[in-house]
Amino acid sequence: MDDLLQEMIQPAGPTGHDRARRRRLVMSAATVGLAVIGLTSLTTSALFTDNESAVGGGFTTGSVNVTLTPAADFLKIGNMAPGDTEFRSITVNNPGSLGYRYAVTKAWTDSNAGYPLSAVLQIATFVLPTGGTCDAASAVPAAQIRPLGAISADGATLIGDPATGAHAGDRPILAGAGELLCFQITLPISVGNEYQSSTSTVSVQVVAEQTANN
């Protein structure tokens, strides 16, 4: 009886066999734990992936392009006498990819500063379809875009306004289209002897700008 009480109060320590068995259990548990950790690591890192690219196609800007036919001497007229009227034309083409509006400016130089021919030589402008004939029969009021007036009148402006933006008189042309400008040049019958052997050299410039977003 006393031995039983003593064993309950102070149980006997584990034997050598018990301690060895517990170590094996602990090592087995640790091994299984490591195996589980390793298996989890291998499972989460093996991810299937894929990538694919698409070509966007790029961006291309349009073009504003003006060509004039003929490009020179279309207003060259010699040996004019008072009362003469001549017709000359130039074709404005748009070979670019964008529609545009254009204005026309003019510049001139006179050989006789005291009696400048540009002050009396008169010009009117008509617009005709491309390929039309510029002559008195075509120069009708319905086609007129600038009335007859002295070359030096209105300063540098001939048609429209070269300033940016839409203005009265500007001429719109779609991409791939064109139109013919017909000019009537008249030396009035009233011009006096002081203008004999005078020359006025006139040049024009077509100023175009896109119509899209403008």
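We use all heavy atoms of the structure for the numbers below, so side chains are in, but hydrogens, waters and symmetry mates are not.
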Smallest separation among heavy atoms of [X] and [Y], with atom names:
X: S198; Y: E194; result: OG-O, 4.2 Å
X: P70; Y: S89; result: CD-O, 3.7 Å
X: P116; Y: A113; result: CD-O, 3.5 Å

Steps toward side chain to side chain contact (heavy atoms under 4.5 Å, CB included) verdict (S138, F126): CA-CA 8 Å; S138 301; F126 304 83; over 6 Å; no
Just verifying a value: how many Å separate [X] [atom1] and [Y] [atom2], rounded to the nearest 0.5 Å?
X: L187; Y: L117; atom1: CG; atom2: CG; result: 6.5 Å
X: T125; Y: Q184; atom1: OG1; atom2: CD; result: 9.5 Å
X: S118; Y: W108; atom1: OG; atom2: CH2; result: 6.0 Å
X: S200; Y: I151; atom1: OG; atom2: CD1; result: 5.0 Å
X: L128; Y: C182; atom1: CG; atom2: SG; result: 5.5 Å
X: E86; Y: C134; atom1: CD; atom2: SG; result: 10.5 Å

Trace of the side chain to side chain contact (heavy atoms under 4.5 Å, CB included) decision for T201 with T109: CA-CA 5 Å; T201 302; T109 57; 3.6 Å; yes
Is there a donor-acceptor pair closer than 3.5 Å between any side-chain N or O of D161 and the backbone N or O of G169? no
Flag, side chain of D135 to backbone of A137, donor-acceptor distance under 3.5 Å: yes
Tell me whether [X] shares a hydrophobic cluster with [Y], the cluster being built from Ile, Leu, Val, Met, Phe, Trp, Tyr side chains joined at under 4.5 Å.
X: L158; Y: V202; value: yes
X: I145; Y: L75; value: yes
X: V66; Y: V127; value: yes
X: V191; Y: Y115; value: yes
X: L121; Y: Y195; value: yes

Which pairs, with at least one residue in residues 150-188 and sequence neighbours excluded, count as a ring-ring contact (aromatic ring centres under 6.0 Å, His included)? F74-F183
Quick one: do I77 and R88 satisfy side chain to side chain contact (heavy atoms under 4.5 Å, CB included)? Show the steps, please. CA-CA 9 Å; I77 303 170; R88 295 291 186 272; 3.7 Å; yes
Answer yes or no: is there a side-chain heavy-atom contact under 4.5 Å between [X] and [Y]?
X: I90; Y: L180; answer: no
X: I159; Y: R171; answer: yes
X: V204; Y: V206; answer: no

T85/T186 under side chain to side chain donor-acceptor pair (under 3.5 Å): CA gap, chis, key distance, verdict: CA-CA 4 Å; T85 293; T186 297; 3.0 Å; yes
Determine, step by step, whether I185 and Q122 satisfy the side chain to side chain contact (heavy atoms under 4.5 Å, CB included) criterion, reporting the C-alpha distance in whole Å, the side-chain angles of both residues, the deciding distance to 0.1 Å, and the verdict. CA-CA 6 Å; I185 299 94; Q122 297 186 324; over 6 Å; no
Which side-chain N or O atoms in residues 93-106 pair as donor and acceptor under 3.5 Å with protein atoms at least two apart or in another chain?
unit_1: N94; atom_1: OD1; unit_2: G96; atom_2: N; d: 3.0
unit_1: N94; atom_1: ND2; unit_2: L98; atom_2: O; d: 3.0
unit_1: N94; atom_1: ND2; unit_2: I173; atom_2: O; d: 3.3
unit_1: N94; atom_1: ND2; unit_2: L174; atom_2: O; d: 3.1
unit_1: S97; atom_1: OG; unit_2: S63; atom_2: N; d: 2.9
unit_1: Y100; atom_1: OH; unit_2: N93; atom_2: O; d: 2.8
unit_1: R101; atom_1: NH1; unit_2: E209; atom_2: OE2; d: 3.2
unit_1: R101; atom_1: NH1; unit_2: N214; atom_2: O; d: 3.1
unit_1: R101; atom_1: NH2; unit_2: N214; atom_2: O; d: 2.5
unit_1: Y102; atom_1: OH; unit_2: E179; atom_2: OE2; d: 2.5
unit_1: K106; atom_1: NZ; unit_2: A153; atom_2: O; d: 3.0
unit_1: K106; atom_1: NZ; unit_2: G155; atom_2: O; d: 2.8
unit_1: K106; atom_1: NZ; unit_2: T157; atom_2: O; d: 2.6

Please determine, by modelled atom types, if S203 and Q205 share a side-chain donor-acceptor pair under 3.5 angstrom. no
